[in-house]
Amino acid sequence: MAHVVILGAGTGGMPAAYEMKQALGPGHRVTLISSNEYFQFVPSNPWLGVGWTSREDITFPIKPHVERKGIRFIAQSAEKIDADARVIHLGDGSTVDYDYLLVATGPRLAFELVPGSNPHEGPVQSVCTTDHAELAYGKYQELVDSPGPIVIGAMPGASCFGPAYEYAMIVAADLKRRGIRGQIPSFSFVTSEPYVGHLGIMGVGDSQGILTSGLAEEGITAYTNCRVNRVENGEMSITQVNEKGETVREFTLPVKFGMMIPAFRGVPAVAGVEGLCNPGGFVLVDDHQRSQKYPEIYAVGIAIAIPPVEQTPVPTGAPKTGYMIESMVSAAVHNIKADIEGTGGRRSMGTWNAICFADMGDRGAAFVALPQMKPRKIDIFATGRWVHFAKIAFEKYFIRKMKMGVPEPFYEKLIFRMMGITRLKEEESGQRRTS
């Protein structure tokens with residue numbers, strides 16, 4: 001009997017637990033470990049950050065749902081991984097051994113890279129976790145009571161730009177609904193991207209034109225190629241560079257309320273394993289989601305090392321969106337099962353394709369990049385009210401799916417319908433590179 005441990009219970013880890021248990025059956029053990037007792041639907045955090053949804057609507061306790069499927073759940077943080085002994089040391093002093101480990105931890109938010117940017121230290125907030133989104137809503141309510149300058153965007157090294165645009169447009173829409181948009185003295189969008197709509201993937205369709213006009217229509221001033229240096233005394237210190245990375249100007253922006261997507265790093269327990277990760281703490285994997293050093297360790301989602309799509313004047317990273325994570329999970333499960341059963345044969349590969357739905361207040365934006373790296377077979381960026389409603393529907397669908405324990409490949413079905421095919425050839429699924 002093999003024991004498979006999945007570390008992390010987010011949008012990658014929890015589906016992985018269900019899919020792994022379904023694939024292996026009752027003859028093998030599956031354990032899910034998370035530092036949180038609850039599942040959080042992270043894509044809805046921008047709504048929580050303005051009070052458009054509640055914590056109760058986008059979270060639920062993990063244990064009763066996964067244990068109903070025969071999966072053991074441990075709500076503890078992983079403090080150390082002894083990869084040679086195949087043992088995980090937990091926060092309460094206990095240990096868990098494994099035959100195979102699937103790392104699906106998500107990121108550590110590297111606020112320390114920009115002094116003063118921690119949500120608990122000043123006016124700049126985050127919507128990367130439910131806790132942070134709730135904190136952001138509290139600070140946002142203070143802004144509503146006493147309007148002041150707003151700065152939203154993405155820090156140098158960020159790799160998840162969609163939520164920044166999403167939150168900026170949602171805040172603008174909410175302020176208009178409240179009738180106080182005109183009381184905001186300045187509303188700025190500051191990003192490390194070389195141009196608006198780059199999104200860490202050299203743009204998708206006409207993302208540059210659509211997002212540029214969208215920000216302008218809301219009276220939001222955009223600043224690109226920006227490196228935020230620090231936040232202090234109600235000001236954000238910024239260096240803006242040109243396409244060669246040369247400093248164009250140094251300036252400050254006043255900020256009473258802000259939300260900046262931070263750079264991501266690997267979580268300490270994973271990053272601390274010698275030879276497992278790159279300098280950023282992300283797991284180095286092969287085309288089959290397997291560690292390049294430890295054959296019994298696999299990794300998926302934000303936890304893996306993916307190089308930037310291109311070198312930009314201010315560092316940016318490549319996003320890891322839902323479809324990509326879903327396909328990585330399926331590949332890892334298939335390959336771990338093959339390892340356990342000793343069947344060999346062709347190993348499965350994840351697809352590096354990107355699909356994203358972003359709410360923009362009273363409308364939305366959706367993009368499909370297949371593959372994520374150019375040249376692409378599909379390169380679409382579209383807007384409309386239908387995206388707003390599609391994201392609402394997807395939230396309800398995904399949460400229900402996680403409660404029921406159904407490992408249904410939603411993104412795969414969606415993209416296949418769009419392409420009019422029944423399967424995607426691996427050689428067409430996208431370029432694979434690790435760093």
Side-chain angles (χ1 to χ4, degrees), residues 109-128 132 136 139-140 143 147-169 171-172 184-203 207-208 211-216 218-265 279-280 308-319:
L109 308 178
F111 297 117
E112 76 280 0
L113 298 178
V114 180
S117 67
N118 191 301
H120 297 282
E121 296 177 354
V124 174
Q125 303 300 303
S126 160
V127 292
C128 295
H132 284 163
K139 294 294 185 181
Y140 179 68
L143 174 81
I150 298 172
V151 180
I152 293 174
M155 294 294 191
S159 57
C160 187
F161 297 95
Y165 289 101
E166 190 172 20
Y167 194 61
M169 301 295 280
V171 166
I184 303 299
S186 63
F187 196 148
S188 304
F189 188 86
V190 175
T191 180
S192 50
E193 301 163 274
Y195 51 84
V196 169
H198 180 275
L199 301 171
I201 52 175
M202 300 171 67
S207 58
Q208 181 177 8
L211 290 176
T212 296
S213 63
L215 293 175
E218 298 297 339
I220 301 171
T221 303
Y223 300 88
T224 58
N225 268 337
C226 286
R227 180 184 298 109
V228 178
N229 303 311
R230 63 186 179 279
V231 181
E232 61 182 358
N233 300 322
E235 290 187 331
M236 182 178 290
S237 173
I238 301 165
T239 299
Q240 189 172 38
V241 304
N242 60 21
E243 64 276 4
K244 296 180 180 179
E246 301 166 335
T247 297
V248 174
R249 61 170 174 157
E250 305 267 0
F251 64 104
T252 61
L253 288 174
V255 51
K256 178 168 185 178
F257 175 77
M259 196 292 295
M260 298 291 290
I261 302 296
F264 292 166
R265 293 291 183 269
V309 172
E310 65 170 338
Q311 296 299 316
T312 52
V314 178
T316 59

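As the structure is a computational prediction, the values presented were derived from the model and not from experiment.
Smallest separation of non-hydrogen atoms from Leu215 and Ala222: CD1-CB, 4.1 Å. Smallest separation of non-hydrogen atoms from Arg265 and Ala110: CG-CB, 3.8 Å. Heavy-atom minimum distance, Ala263 versus Leu113: CB-CD1, 3.9 Å. For the pair Met236 and Val255, the tightest heavy-atom approach, listed with the atom from each and the gap, is N-CG1, 4.1 Å. Shown here for Tyr195 and Gly203, the closest heavy-atom pair between the two residues is OH-N, 3.8 Å. Among all heavy-atom pairs drawn from Phe189 and Ala168, the shortest one is CD1-CB, 4.0 Å.
Counting only residues at least two apart or in different chains, salt bridge (charged side-chain N to carboxylate O under 4.0 Å, His left out) contacts with residues 227-241 comprise Arg230-Glu232. Applying the ring pair (Phe, Tyr, Trp, His ring centres under 6.0 Å) test to every pair with at least one member in residues 222-255, sequence neighbours left out, gives these pairs: Tyr223-Phe251.
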Subject >> Working for side-chain contact (heavy atoms from CB on, under 4.5 Å), residues Met260 and Val231 >> reply: CA-CA 11 Å; Met260 298 291 290; Val231 181; over 6 Å; no
Original post:
Could you walk me through whether Thr224 and Val196 pass the side-chain contact (heavy atoms from CB on, under 4.5 Å) check?
Top reply: CA-CA 7 Å; Thr224 58; Val196 169; 3.8 Å; yes
Subject >> Steps toward side-chain contact (heavy atoms from CB on, under 4.5 Å) verdict (Ile150, Ser186) >> reply: CA-CA 6 Å; Ile150 298 172; Ser186 63; over 6 Å; no
**OP:** Evaluate side-chain contact (heavy atoms from CB on, under 4.5 Å) for Val124 paired with Phe111, printing each intermediate quantity in order.
**Re:** CA-CA 10 Å; Val124 174; Phe111 297 117; over 6 Å; no
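Residue Lys139 places its NZ atom among 12 or fewer non-hydrogen atoms of other residues, nucleotides or ligands, all under 6.0 Å distant.
At least one side-chain heavy atom of Val190 sits less than 4.5 Å from a side-chain heavy atom of Val228. Pro262 is listed as a side-chain neighbour of Cys128, based on a closest heavy-atom distance under 4.5 Å. The shortest distance between side-chain heavy atoms of Val309 and Met202 falls below 4.5 Å. In this structure, the side chains of Arg249 and Thr239 stay at 4.5 Å or more apart for every pair of heavy atoms. The shortest distance between side-chain heavy atoms of Glu193 and Phe161 falls below 4.5 Å. Annotation: side chain of His132 is in contact with side chain of Leu109 (closest heavy-atom distance under 4.5 Å). Residues Pro123 and Lys256 form no side-chain contact, since every pair of their non-hydrogen atoms from C-beta on lies 4.5 Å or further apart. Side chains of Gln208 and His198 form no contact here, defined as non-hydrogen atoms less than 4.5 Å apart.
In this structure, OG on Ser188 lies 7.5 Å from CD1 on Ile238, to the nearest 0.5 angstrom. Atoms CE and SG, from Met155 and Cys226 in turn, are 11.5 Å apart once rounded to the nearest 0.5 Å. The CE atom of Met169 sits 6.0 Å away from atom CD1 of Ile220, with the distance rounded to the nearest 0.5 Å. Leu211 contributes atom CG, which lies 6.0 Å from atom CG of Leu199 (distance to the nearest 0.5 angstrom). For the atom pair Lys244 NZ and Asn225 CG, the distance stands at 13.5 Å (nearest 0.5 Å). Summarising the geometry, atom CD1 belonging to Ile152 is positioned 6.0 Å from atom OH belonging to Tyr167; distances are rounded to the nearest 0.5 Å.
Residues satisfying the salt bridge (Lys or Arg N to Asp or Glu O under 4.0 Å) criterion with Glu112, sequence neighbours excluded, are Arg108.
No side-chain donor-acceptor contact under 3.5 Å links Ser192 to the backbone of Val314. A donor-acceptor contact shorter than 3.5 Å links the side chain of Ser207 to the backbone of Gly197. A donor-acceptor distance shorter than 3.5 angstrom exists from the side chain of Gln125 to the backbone of Gly122, with no hydrogens or angles considered.
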